[in-house]
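Notes follow once the structure below has been shown.
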Amino acid sequence: MMAASKPVEPQSGSGLPRWQLALLVGTPIVLGVGAVYLWNRSRGKEKQGKKNGERKTPEGSASPVQGQHGATNPELENMSPLDRAQSAKNKGNKYFKAGKYDQAIQCYTDAISLCPKEQKGDLSTFYQNRAAAYEQQLKWTEVIQDCSQAVELNPCYIKALFRRAKALEKLGNRKECLEDVTAVCILEVFQNQQSMLLADKVLKQLGKEKAKEKYKNREPLMPSPQFIKSYFSSFTDDIISQPLQKGEKKDEDKDKEGEASEVTGSSGYLKAKQYMEEENYDKIISECTKEIESGGRYTAEALLLRATFYLLIGNATAAQPDLDRVINMDDANVKLRANALIKRGSMYMQQQQPQLSTQDFNVAAEIDPRNADVYHHRGQLKILLDQVEEAVGDFDECIKLRPDSALAQAQKCFALYRQAYTGNNPSQVQKAMDGFEDVIRRFPKCAEGYALYAQALTDQQQFGNADEMYDKCIELEPDNATTYVHKGLLQLQWKQDLEMGLELISKAIEIDNKCDFAYETMGTIEVQRGNLDKAIDMFNKAINLAKSEMEMAHLYSLCDAAYAQTEVAKKYGLKPPTL
């Protein structure tokens with residue numbers, strides 16, 4: 001959920017495209033297919049050729065070879081079996097180009113029967129050409145059969161592998177499709193957009209399918225205390241996250257200090273608040289439930305607190321009814337209702353429902369226009385929707401209401417920086433960089449300010465300065481595992497220091513063994529190192545820690561890509577370049 005972590009930037013623009021990092025502290029990294037297959041560097045340019053064209057045509061000349069056009073039967077009898085097969089293929093190619101696929105298929109069938117079995121290269125071409133004709137007739141089973149024959153004869157036959165991949169996808173056999181298209185990507189050194197797009201499509205489909213099933217049956221998992229504290233620190237107008245107040249005692253007990261403990265003991269909500277202060281988070285949901293079921297004075301607060309922890313453990317289905325109830329309580333404190341709208345809006349964004357999300361944030365701004373949290377979190381939403389100017393407007397409103405909001409100041413700088421950087425505007429980039437300097441000067445205790453500045457410095461290839469900023473983050477928040485991961489990735493980009501990078505990411509896991517970001521990043525690095533089994537293990541650990549179905553789907557995509565590579569290595573002996 002957006003409110004559970006800092007926003008994910010829509011496009012990193014980083015100098016490290018194979019690791020498309022989310023740029024704000026606390027977010028999981030987001031990887032596209034170019035990062036799933038991490039070996040796409042500036043290799044293989046000599047193999048590009050006509051790499052982006054559709055593979056529709058059969059192979060071989062469409063015109064008969066010299067001396068064969070109009071050949072009489074006696075002439076055919078004097079030809080070798082291979083020449084006769086080639087003649088049949090060339091005739092088939094003419095029919096194919098004329099759109100006469102039945103005749104083309106018959107000619108390719110003749111070529112297959114005429115061709116000597118030891119001529120494996122030619123025979124594989126004839127099968128592949130017949131598959132191309134079947135493809136035009138949408139006969140996917142026949143396409144797969146003929147492509148399989150072609151691949152058996154010529155295991156690295158790109159056209160046959162890709163045609164079979166497309167047919168497998170049409171029949172819904174995504175796992176085998178992914179293996180074929182992975183082999184194609186490796187053979188083409190990741191230079192063909194068409195095969196990359198198919199791989200991306202299939203990975204996303206597989207990821208969504210697996211995540212839907214897994215997330216539905218997952219065991220709820222409480223995040224680390226560091227994550228929970230970071231989450232609540234992103235709210236300043238949140239009643240439920242504040243320490244116990246005198247107003248939270250019954251009126252008749254305000255002058256009876258001796259009975260205060262008894263009140264706390266009788267109120268599930270006040271007990272839950274006490275557990276919050278003690279970081280005893282596992283007991284909060286049950287105590288809130290007691291308050292709600294007893295119809296206690298703090299029912300609205302208990303509903304919101306319970307919903308918040310349902311969201312934190314990844315149970316949006318349970319959270320939504322509680323949030324709905326609070327939002328619809330006209331007599332509830334307006335700050336509770338606004339906070340519930342922010343959290344439901346963030347939940348909708350996580351579920352990829354931006355219209356509902358925007359609607360909730362707008363209602364929150366209407367009912368509580370002086371609530372800085374509304375503008376802060378809506379600004380994050382606007383960044384996700386790539387609406388930078390509106391995001392800056394919201395951050396400005398948040399800053400106007402709370403001039404001491406260091407996080408909003410830093411995120412405003414970051415939004416302006418991304419706009420200038422992606423728009424290739426050097427003067428505005430420099431202005432944003434100066435803005436970061438001003439933020440860290442005025443708010444030297446704001447770790448997020450240093451972290452965002454570090455990302456901007458990394459974009460500008462100022463690696464040494466970026467490293468210093470991450471060190472400042474660690475000094476301020478030594479238990480923030482995410483910062484160690486970012487610093488580790490910086491070592492890889494800056495110094496190609498694999499050992500130091502892995503050491504820092506391992507440190508992150510040591511600090512917080514529930515940091516899915518660290519496991520995911522470790523997995524991507526292990527893929528690059530060629531340690532696919534270890535990578536799969538890391539991705540599976542991240543999957544079990546995923547905080548949303550969307551995150552889980554992405555992680556399954558990474559895992560499936562790594563697994564497909566292991567299968568391709570076994571079948572064809574194909575391995576991508578490694579670190």
Side-chain angles (χ1 to χ4, degrees), residues 2-9 21-27 226-238 241-243 342 370-383 388-421 428-460 462-487 490:
M2 186 168 56
S5 57
K6 308 306 181 290
V8 180
E9 182 65 5
L21 298 182
L23 302 178
L24 305 189
V25 176
T27 44
Q226 191 276 331
F227 183 93
I228 294 170
K229 285 185 281 186
S230 174
Y231 171 82
F232 281 110
S233 73
S234 68
F235 295 94
T236 54
D237 277 326
D238 181 6
S241 64
Q242 304 305 317
I342 292 169
R370 296 194 58 76
N371 187 327
D373 290 343
V374 174
Y375 304 103
H376 178 195
H377 289 275
R378 190 170 68 179
Q380 294 182 3
L381 167 70
K382 298 300 183 185
I383 286 180
V388 178
E389 287 184 21
E390 290 182 38
V392 170
D394 275 336
F395 290 137
D396 277 336
E397 189 64 30
C398 175
I399 292 161
K400 188 164 75 176
L401 291 167
R402 284 193 179 272
D404 60 344
S405 176
L407 184 55
Q409 306 255 14
Q411 290 182 338
K412 175 190 171 183
C413 265
F414 181 75
L416 289 169
Y417 167 74
R418 294 307 308 166
Q419 186 180 46
Y421 182 74
Q428 290 300 312
V429 165
Q430 189 53 53
K431 188 176 177 182
M433 300 298 273
D434 292 342
F436 278 123
E437 286 286 348
D438 184 55
V439 167
I440 63 173
R441 180 184 56 78
R442 288 191 293 135
F443 303 102
K445 301 292 185 186
C446 177
E448 288 86 350
Y450 294 106
L452 294 175
Y453 191 21
Q455 180 58 57
L457 289 164
T458 302
D459 281 343
Q460 299 301 310
Q462 297 180 37
F463 300 126
N465 290 341
D467 200 44
E468 287 178 20
M469 294 300 111
Y470 284 131
D471 285 340
K472 285 280 190 184
C473 290
I474 290 168
E475 186 182 314
L476 289 166
E477 294 184 351
D479 61 345
N480 189 331
T482 305
T483 307
Y484 286 91
V485 181
H486 283 298
K487 184 175 167 68
L490 177 64

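The CD1 atom of I383 lies 7.0 Å from the CZ atom of F414; values are rounded to the nearest 0.5 Å. The CG atom of D467 sits 9.0 Å away from the OG1 atom of T458 when rounded to the nearest 0.5 Å. Atom CG of D438 and atom SG of C413 lie 7.5 Å apart (nearest 0.5 Å). Rounding to the nearest 0.5 Å gives a distance of 8.0 Å between CZ of F395 and SG of C398. Put simply, NZ on K382 and OH on Y375 are 12.5 Å apart, with the number rounded to the nearest 0.5 Å. Note that CG of L401 is 8.5 Å distant from CG of N371, once rounded to the nearest 0.5 Å.
Between D459 and R418, some side-chain heavy-atom pair lies under the 4.5 Å cut-off. Side-chain contact between Q460 and Y421: present, with at least one pair of heavy atoms (C-beta onward) separated by less than 4.5 Å. In this structure the side chain of Y470 reaches within 4.5 angstrom of the side chain of Q455, judged on heavy atoms.
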For the pair E468 and F463, evaluate side-chain contact (heavy atoms from CB on, under 4.5 Å) and give the outcome as yes or no after the intermediate values.
CA-CA 9 Å; E468 287 178 20; F463 300 126; over 6 Å; no
Working for side-chain contact (heavy atoms from CB on, under 4.5 Å), residues L416 and V392:
CA-CA 7 Å; L416 289 169; V392 170; 3.8 Å; yes
Derivation and outcome, side-chain contact (heavy atoms from CB on, under 4.5 Å), residues F436 and Y450
CA-CA 8 Å; F436 278 123; Y450 294 106; over 6 Å; no
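With sequence neighbours excluded, the residues satisfying side-chain contact (heavy atoms from CB on, under 4.5 Å) with Q226 are S224, S230, D479, N480. With sequence neighbours excluded, the residues that form a side-chain contact (heavy atoms from CB on, under 4.5 Å) with A432 are Y417. Residues passing the side-chain hydrogen bond (donor to acceptor under 3.5 Å, both in side chains) test with K412, sequence neighbours excluded: D396. With sequence neighbours excluded, no residue forms a salt bridge (Lys or Arg N to Asp or Glu O under 4.0 Å) with K431. Residues satisfying the side-chain hydrogen bond (donor to acceptor under 3.5 Å, both in side chains) criterion with S405, sequence neighbours excluded, are absent altogether. Under the rule for a side-chain contact (heavy atoms from CB on, under 4.5 Å), the partners of L457 that lie at least two apart in sequence or sit in another chain are M433, Y453, Q462, N465, A466, M469. For Q430, the side-chain hydrogen bond (donor to acceptor under 3.5 Å, both in side chains) partners two or more places apart in sequence, or in a different chain, are D434. Partners of E437 by salt bridge (Lys or Arg N to Asp or Glu O under 4.0 Å), not counting sequence neighbours: none found. The side-chain hydrogen bond (donor to acceptor under 3.5 Å, both in side chains) search around K229 returns E279, not counting sequence neighbours. By the salt bridge (Lys or Arg N to Asp or Glu O under 4.0 Å) test, D394 pairs with R378, sequence neighbours left out. Listed by chain and residue number, nothing satisfies the salt bridge (Lys or Arg N to Asp or Glu O under 4.0 Å) test with R370 (two or more places apart in sequence, or in another chain).
Considering all non-hydrogen atoms of both residues, A447 and C473 come closest at O-SG, 3.3 Å.
At least one donor-acceptor pair closer than 3.5 Å links the side chain of Q409 to the backbone N or O of P403. For D373 (side chain) and T236 (main-chain N/O), a donor-acceptor pair under 3.5 Å exists by modelled atom type. Under a 3.5 Å cut-off, the side chain of H377 and the backbone N or O of S234 do form a donor-acceptor pair.
Between D404 and R442, none of the side-chain N atoms (NZ, or NE/NH1/NH2) sits under 4.0 Å from a carboxylate O, so this pair counts as no salt bridge.
Checking Q411 against H376 by side-chain atom types alone, a donor-acceptor pair falls below 3.5 Å.
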